[in-house]
Q: 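Sharing a structure, written as C-alpha cells. Questions coming.
Computed from a prediction, not measured in an experiment: that's the story for all the values here. Reminder, nothing fancy here: chain letters follow the sequence lines and each chain counts from 1.
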There are 2 protein chains.
Amino acid sequence: MPVELTPSQALGLWHTVSLEQVRVDGRDLTLRQMAILLQIYLVPPPHTVRGLAATLGVTKPVITRALDTMGALGLVDRVRDERDRRNVVIKRTVDGALYLEKFGDLIIDQGRKQPK
Amino acid sequence: MPVELTPSQALGLWHTVSLEQVRVDGRDLTLRQMAILLQIYLVPPPHTVRGLAATLGVTKPVITRALDTMGALGLVDRVRDERDRRNVVIKRTVDGALYLEKFGDLIIDQGRKQPK
DNA sequence: TCAAAAAGAAACGCTTGCGTAACGGTCCGC
DNA sequence: GCGGACCGTTACGCAAGCGTTTCTTTTTGA
C-alpha cells in the first residue's frame, strides 16, 4: 500500500521533521550525505564509491569526502575489497543503524502529527 | 487524518526524495536552510530574523546568512518593517512558492511509490 | 609481459557555512 | 533628550564542501 499524501501533508511532514532534526541533532548532515547514508542502509550491499557516485549523479571525490565525514562520525565504515583490491566496500555500523532508526522514528512521529 | 507510516516506509520515503532532489536540483540547500524556507512558507507571517532563530534554536547570524543565500536564489525576500524599523520582515516570493510546490509534488510522487 | 584502464584517494584553490564578538540603527522609559 | 535595550548585520578566524586534476595501487587483456 503506497503512502498517500496531500500537498499540505507532504510539505508539513518535511517541515516538522527538518525542524526537529535541526533542533535536536548537532551533526547537520547535508542532503547529499543523507542520501548517501540512506542508500547504504536501505539498498542491499555491496556499495562502492563508484557505484554511489553513479547513483547520486555526483563525482567520486564527493563520495570519498562524505565517507570521510560520516566515517569520523561512526555512521559508516570502509573495508578494502579482498577479491578486487581496487575496490572499497562501504560497511554499515551499529551507530549508523541506530542513527537512522531514531530518524525513522522522528518521521513516523511527525507523520502522526500531520493534520487533515 | 494523520499520516501513518511503517519504519520502512518512513526511511524509504526520505531516501527516494533525497536521492531525487540531489539528482535533479543543483541548489543543494542545507537542512537548516530547508527548515527555514518551510517555516517561512508554511507558518503564517510575519517572520523575523529573531523569531526564526528562536524557532530553529540557532543564532541570528545563521538566519541572516541563510536569508542571504536563499535571497540570492530568489526564494525569499527581505523588507524593512516600517512600523518598527529595527525589524526585518521576511517575505515569500513567487519563485519560492514554485520551488516548494515542485518539492511537495516530489514527496507525493515518491510517497506513492513506497511499497508495502 | 607490460601498457592501458579502472578505482579510490589526495592535492589544489575556491566557496560557503559556522560561532563568537563587535557594530550601527532604532525604539523606549525615565 | 538621552542612556540602555533591542534588532539585524558585519567582521573575523576557522572548518567543511566543492570541482578539477593528479597520483597510487591494482587489474586486465592484447
Q: B:Gln33 near the nucleic acid: base, sugar-phosphate alone, or nothing, with a heavy-atom cut-off under 4.0 Å?
A: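 Contact class for B:Gln33: sugar-phosphate only.
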
Q: Which whole-number value in Å describes the distance from B:Asn87 CG to C:dC27 C1'?
A: 10 Å

Q: D:dA16 P sits how many Å from A:Ile36 CD1, rounded?
A: 17 Å

Q: Output the rounded distance in Å from CG (A:Asp81) to P (C:dA9).
A: 13 Å

Q: So A:Trp14 and B:Phe103, would you call those rings parallel, tilted or perpendicular, with 30° and 60° as cut-offs?
A: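 It falls in the perpendicular class, over 60°.
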
Q: Any donor-acceptor pair under 3.5 Å joining the side chain of A:Arg65 to the base of D:dG19?
A: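 Yes.
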
Q: Which whole-number value in Å describes the distance from A:Asp28 CG to C:dC18 C1'?
A: 10 Å

Q: Check this for me: does any side-chain nitrogen of one of B:Arg78 and B:Asp68 sit under 4.0 Å from a carboxylate oxygen of the other?
A: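 Yes, charged N to carboxylate O under 4.0 Å.
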
Q: Considering all heavy atoms of both residues, which atom of B:Gln9 and which atom of B:Leu5 are nearest to each other, and what is their separation?
A: OE1-CA, 3.7 Å

Q: Phosphate oxygens OP1/OP2 of D:dG17: is one of them under 4.0 Å from a side-chain N or O of A:Thr69?
A: yes

Q: Would you say B:Arg83 places a side-chain N or O within less than 4.0 Å of OP1 or OP2 belonging to C:dT26?
A: no

Q: Tell me the interatomic distance from A:Asp84, atom CG, to D:dT24, atom P, rounded to whole angstroms.
A: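 Checked: the CG to P distance equals 20 Å.
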
Q: Taking donor-acceptor contacts at under 3.5 Å, does the side chain of A:Arg78 reach the base of C:dG8?
A: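 A donor-acceptor contact between them is absent.
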
Q: I need the CD1-P distance between A:Ile63 and D:dG19, as an integer number of Å.
A: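 It is 10 Å, rounded to the nearest whole Å.
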
Q: Is A:Arg86 close enough to D:dT25 that one of its side-chain N or O atoms is under 4.0 Å from OP1 or OP2 there?
A: no

Q: Does CZ belonging to B:Arg50 count more than 12 external heavy atoms closer than 6.0 Å?
A: no

